[in-house]
Protein chains: 2
Amino acid sequence: MRKVGGVTVQAGRGYAKGRAKRREILGQAMALFGEVGYRGASLREIATRCGLSHPGLLHHFPTKQSLLLAVLEHRDEVDSAELLSGRTGLAVLRGLVDLTALNATRPGIVELFTVLSGEATAAGHPAHAYFAQRYQTTVRTVEHAYEQAGADGVLQPGIEAAAAARQFVALMDGLQIQWLLSHRRLDMAGILRAHLQAQLTVPLAAGSSLG
Amino acid sequence: MRKVGGVTVQAGRGYAKGRAKRREILGQAMALFGEVGYRGASLREIATRCGLSHPGLLHHFPTKQSLLLAVLEHRDEVDSAELLSGRTGLAVLRGLVDLTALNATRPGIVELFTVLSGEATAAGHPAHAYFAQRYQTTVRTVEHAYEQAGADGVLQPGIEAAAAARQFVALMDGLQIQWLLSHRRLDMAGILRAHLQAQLTVPLAAGSSLG
DNA sequence: CCTACCGATCGGTAGG
DNA sequence: CCTACCGATCGGTAGG
């Protein structure tokens with residue numbers, strides 16, 4: 001097998017087609033889960049949007065739950081790694097403000113995580129463990145970022161990293177709810193940036209995604 | 001009809017029983033909607049929990065949607081009015097911190113609003129209009145509270161009421177998500193109070209629900 | 001308030 | 001990858 005223009009050809013041709021279909025399924029599933037939640041989404045509707053029968057879809061993902069987890073893991077791979085890798089301290093927080101600005105151009109992704117995180121607060125939900133783990137990791141990352149920022153001397157006095165981390169993550173989630181319910185008439189990134197700026201002794205960069 | 005010990009008797013007896021059953025249905029529906037959302041809840045399950053057949057339930061609430069809206073309006077009557085009436089400025093914000101502390105003793109109510117507000121961000125959801133309206137009203141109330149607090153001279157300089165209101169409401173929602181996903185190991189009211197305190201020039205009261 | 005039923009839809013499987 | 005089917009469950013109605 002060799003690659004040409006990112007597509008594996010010859011012996012791998014069938015596999016490449018399968019992988020492309022897999023990506024299409026993940027995209028359509030992400031959109032529908034975001035529109036109506038996990039429970040509200042049907043395999044038949046997702047399959048139809050991909051030009052498949054629903055047993056055809058189950059050939060790629062054996063159960064509905066496996067499709068859900070694949071969607072969530074796919075999003076994490078694409079996003080978190082890209083915007084947060086190799087950063088420490090204030091740069092992590094700036095990266096999360098930039099991620100919020102980016103998400104304002106991707107309503108489908110905001111809907112996905114807002115609808116599913118609400119649904120998954122219930123103990124029996126198939127993504128409950130995933131979200132519980134995800135929040136623990138995220139809060140810890142943000143907490144370390146605040147600790148480092150404090151050590152770097154850019155934080156206002158009296159700011160506790162643990163509480164500040166919980167507040168920062170809560171703000172991101174709560175602003176997404178308001179953004180969706182106000183039909184996107186809300187500057188999520190601006191409001192988040194204002195919150196962060198008020199905790200700092202130095203000005204944040206202008207707000208682009210530059211390091 | 002006359003009332004004895006809060007229960008209407010004699011000619012009103014049947015009505016009182018009907019109203020008691022209605023309240024029982026509202027309570028069980030609130031619990032199940034909170035556990036599994038609107039879509040995940042079935043009329044049969046709610047009815048069974050009340051000792052009814054599901055057509056029996058539909059005698060009290062003609063459609064599933066009417067039951068949902070009745071549950072939401074019932075909660076608003078009981079809560080918002082009681083804790084926020086007749087307050088202005090900082091007292092409104094203090095009332096919301098106290099409401100958060102109260103909610104930490106009522107997981108069912110927190111689940112209800114967290115699950116449903118996520119579900120209802122979708123445009124077609126039967127409670128979408130309700131939540132859109134509710135957030136607009138809440139944000140405006142909190143914004144006016146910040147404006148009044150600023151006029152009263154208890155706010156740190158540079159705090160904009162509009163952004164501060166969005167932040168405050170977002171924090172309440174986001175902390176509820178984290179609270180549920182961390183199996184209630186989180187001091188929601190304490191973290192919210194710390195956020196508010198950092199914006200003030202005066203100390204908040206000790207944190208009881210005293211005016 | 002009940003039993004009995006309607007048509008629709010669900011996730012998943014059989015068999016090819 | 002398909003058609004055809006499974007048992008289960010859904011919201012709502014008929015009729016009493």
Side-chain angles (χ1 to χ4, degrees), chain A residues 12-33 35-72 115-116 119-120 122 124-128, chain B residues 12-33 35-72 115-116 119-120 122 124-128:
Chain A
R13 191 157 174 191
Y15 289 86
K17 210 168 122 186
R19 258 176 282 133
K21 185 56 86 176
R22 241 185 94 98
R23 271 197 305 275
E24 187 183 354
I25 293 171
L26 287 174
Q28 297 288 359
M30 184 195 77
L32 191 61
F33 287 149
E35 287 169 34
V36 297
Y38 174 72
R39 281 196 172 85
S42 76
L43 296 179
R44 282 166 173 86
E45 173 66 20
I46 296 166
T48 299
R49 293 186 183 191
C50 302
L52 279 180
S53 66
H54 90 274
L57 188 156
L58 288 169
H59 167 76
H60 295 273
F61 301 93
T63 64
K64 190 183 183 185
Q65 178 169 354
S66 74
L67 175 58
L68 172 65
L69 295 178
V71 165
L72 291 171
V115 172
L116 288 186
E119 217 182 359
H125 192 278
H128 179 79
Chain B
R13 190 158 175 190
Y15 289 86
K17 211 169 120 185
R19 257 176 283 132
K21 184 57 87 176
R22 240 185 93 97
R23 271 197 304 276
E24 187 183 354
I25 294 171
L26 287 175
Q28 297 289 359
M30 184 194 77
L32 191 61
F33 286 150
E35 287 169 35
V36 296
Y38 174 71
R39 282 198 174 84
S42 76
L43 296 178
R44 281 166 174 85
E45 173 66 20
I46 297 167
T48 299
R49 293 186 182 192
C50 303
L52 279 180
S53 66
H54 89 275
L57 189 157
L58 288 169
H59 168 74
H60 294 274
F61 301 93
T63 66
K64 190 183 183 185
Q65 177 169 353
S66 73
L67 175 58
L68 172 66
L69 295 178
V71 165
L72 292 171
V115 172
L116 288 185
E119 217 182 0
H125 192 279
H128 179 78

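The sequence lines fix the lettering, A, B, ..., with proteins before strands; numbering per chain opens at 1.
- Distance A:Ile46 CD1 to C:dT9 C1': 15 Å, rounded to the nearest Å.
- Looking at the side chain of B:Arg44, the nearest of the listed nucleotides C:dC5, C:dG11, C:dC1 is C:dC5.
- Counting non-hydrogen atoms under 4.0 angstrom, B:Pro55 reaches a base of the nucleic acid.
- The separation between A:Arg39 atom CZ and C:dG11 atom C1' is 14 Å, rounded to whole Å.
- Atom CD in B:Gln65 sits about 12 Å away from atom C1' in D:dG11, given to the nearest Å.
- If you measure from atom NE2 of A:His59 to atom P of D:dC1, you get 6 Å, rounded to the nearest angstrom.
- In the set D:dA14, D:dG11, D:dC1, D:dG11 carries the atom at the smallest distance from any side-chain atom of B:Lys64.
- Comparing B:His60 and A:Glu45 along DNA chain C, the residue whose closest nucleotide (by nearest heavy atom) sits nearer the 5' end is B:His60.
- Within the 4.0 Å cut-off from OP1 or OP2 of D:dC10, at least one side-chain nitrogen or oxygen of B:Ser42 is found.
- Here A:Arg49 pairs with A:Glu35 in a salt bridge; the nearest charged N to carboxylate O distance falls below 4.0 Å.
- C:dC1 atom C1' lies 14 Å from atom CD of B:Glu24, rounded to whole Å.
- Using a 4.0 Å cut-off, some side-chain N or O of A:Ser53 falls inside it from OP1 or OP2 of D:dC2.
- With rounding to the nearest 0.5 Å, the separation of CG in A:Leu116 from CD in B:Glu119 is 11.0 Å.
- Per the geometry, CG belonging to B:Leu58 stands 14 Å off C1' belonging to C:dT3, to the nearest Å.
- B:Lys64 places no side-chain N or O within donor-acceptor distance of the main-chain N or O of B:Ser42, the cut-off being under 3.5 Å.
- Within the 4.0 angstrom heavy-atom criterion, no nucleotide atom of any strand lies near A:Ala47.
- For B:Tyr38 (side chain) and B:Pro126 (main-chain N/O), no donor-acceptor pair under 3.5 Å exists by modelled atom type.
- In this entry D:dG16 has C:dC1 as its Watson-Crick or G-U wobble partner, both defining distances falling under 3.5 Å.
- At whole-Å resolution of the value, NZ in A:Lys21 and C1' in D:dC2 are 14 Å apart.
- Checking B:Leu57 against A:Tyr38, the closest nucleotide of DNA chain C that is more toward the 5' end is the one next to B:Leu57.
- Distance B:Leu67 CG to D:dC10 P: 15 Å, rounded to the nearest Å.
- Nearest to the side chain of A:Leu43, among D:dG11, D:dC1, C:dG11, sits C:dG11.
- For B:His54, no side-chain nitrogen or oxygen approaches OP1 or OP2 of C:dC2 to under 4.0 Å.
- Residue A:Leu52 has its side chain nearest to D:dC1 when only D:dG12, D:dC1, C:dG11 are considered.
- Inter-residue side-chain proximity for A:Leu67 and A:Met30 is flagged as unmet; no heavy-atom pair is nearer than 4.5 Å.
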